[in-house]
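Worksheet: one structure, shown below.
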Amino acid sequence: QVQVVESGGGLVQADGSLRLSCTASGLTFNSVNMGWFRQAPGKEREGVSCIVWTGVTTYYADAVKGRFTISRDSAKNTLYLQMNSLKPEDTGMYYCAAGGPCNPNVRDLGSQGYVYWGQGTQVTVSS
C-alpha cells in the first residue's frame with residue numbers, strides 16, 4: 001500500500017522560511033516523478049514544483065521561481081520543498097504527490113494524472 005505523508009507546515013511571518021518534507025512508502029521512490037501542489041482557500045489546486053525521478057530536472061510555477069527549491073533524497077524516500085521569502089499569497093494547504101508527469105506546465109500538473117497524494121500540510125504566512 002502506497003503512503004504519502006507531508007510534514008513541516010506551520011505559521012510564519014512574511015519573508016520567513018519553511019521546509020516541507022514528504023515521505024513516500026510502498027513504491028519505488030527513485031523511479032517516480034514527484035510534485036508539490038497547493039490550494040488556497042476558495043481557489044483551485046495548483047502545481048508548485050516538480051522533480052523528475054532522476055533528480056536532475058526540476059520545474060517551478062512562475063509565482064515561486066527564485067524563492068522555492070525542490071529536492072529529493074532517494075536514500076530516505078523523501079521529497080523536500082525549501083520555501084524562502086514567503087509571502088501571504090503563499091498561504092494554503094500544500095500537498096505532495098507521486099507518479100505523475102513533470103514538465104514546464106507546472107500549474108496544471110495536478111490534472112495530468114498524479115496517482116498518489118498525501119493529506120497535506122498547512123502553510124500560513126502572516127503579513
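Only this structure's heavy atoms are used, side chains among them; waters, hydrogens and symmetry mates stay out.
How far CG of N30 is from OG of S74: 5.0 Å, rounded to the nearest 0.5 Å. Remark: Y95 OH to L20 CG distance equals 13.0 Å, nearest 0.5 Å.
S21 approaches T78 most closely through the heavy-atom pair CB-CG2, 4.3 Å. Nearest heavy-atom pair across W36 and C96 is CZ3-CB, 3.9 Å. Closest approach of N84 and S17 over heavy atoms only: OD1-OG, 2.9 Å. The minimum heavy-atom distance between R38 and A63, with the atom names listed, is NH2-CB, 4.0 Å. Smallest separation of non-hydrogen atoms from C50 and Y114: CB-OH, 4.0 Å. Of all heavy-atom pairs spanning A61 and R107, the tightest one is CB-CG, 4.2 Å.
Clustering ILVMFWY residues whenever any of their side-chain heavy atoms sit less than 4.5 angstrom apart, transitively, puts M93 in a cluster other than the one holding M83. No continuous path of hydrophobic side-chain contacts links F37 to I51 [ILVMFWY only; heavy atoms under 4.5 Å]. By the rule that hydrophobic residues join a cluster once side-chain heavy atoms approach within less than 4.5 Å of another member, V32 and V115 end up as members of one cluster. Hydrophobic clustering (ILVMFWY, side-chain heavy atoms < 4.5 Å, transitive): V123 and I70 are in one cluster. Taking hydrophobic clusters as Ile, Leu, Val, Met, Phe, Trp and Tyr residues chained together by side-chain heavy-atom distances below 4.5 Å, Y60 does not share a cluster with V106.
In Q112, the CD atom is crowded: over 12 heavy atoms of neighbouring residues, nucleotides or ligands sit closer than 6.0 Å.
Because its NZ or CZ atom is both nearer than 6.0 Å to the ring centre of F29 and within 45° of the ring axis, R72 counts as a cation-pi partner of that residue.
Put simply, the side chain of T124 never gets that close to the backbone of L11: no donor and acceptor are under 3.5 Å apart. R67 places a side-chain N or O within donor-acceptor distance of the main-chain N or O of S85, the cut-off being under 3.5 Å. With D108 contributing its side chain and N105 its backbone, the two residues share no donor-acceptor pair below 3.5 Å. Distance alone, capped at 3.5 Å, places no donor-acceptor pair between the Q13 side chain and the S127 backbone.
Judged by distance alone, the side chains of T23 and N77 never bring a donor and an acceptor atom under 3.5 Å apart.
Between Y94 and F68, the ring planes lie tilted relative to each other; the angle falls in the 30° to 60° range.
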Worksheet entry | Chi angles and distances behind the side-chain contact (heavy atoms from CB on, under 4.5 Å) call for R19, L81 | CA-CA 6 Å; R19 188 176 81 155; L81 186 68; over 6 Å; no
Practice prompt. Go through the steps to decide whether S25 and V2 satisfy the test side-chain contact (heavy atoms from CB on, under 4.5 Å), and finish with yes or no.
Written response: CA-CA 6 Å; S25 59; V2 176; over 6 Å; no
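Between D62 and K65 there is a salt bridge, since a side-chain N of the basic residue sits under 4.0 Å from a carboxylate O of the acidic one.
Of the residues listed (L18, D15, T91), the one engaging L86 in a side chain to side chain contact (heavy atoms under 4.5 Å, CB included) is L18, and it is the only one.
Here the side chains of V52 and M34 are not in contact, with every heavy-atom distance at 4.5 Å or above.
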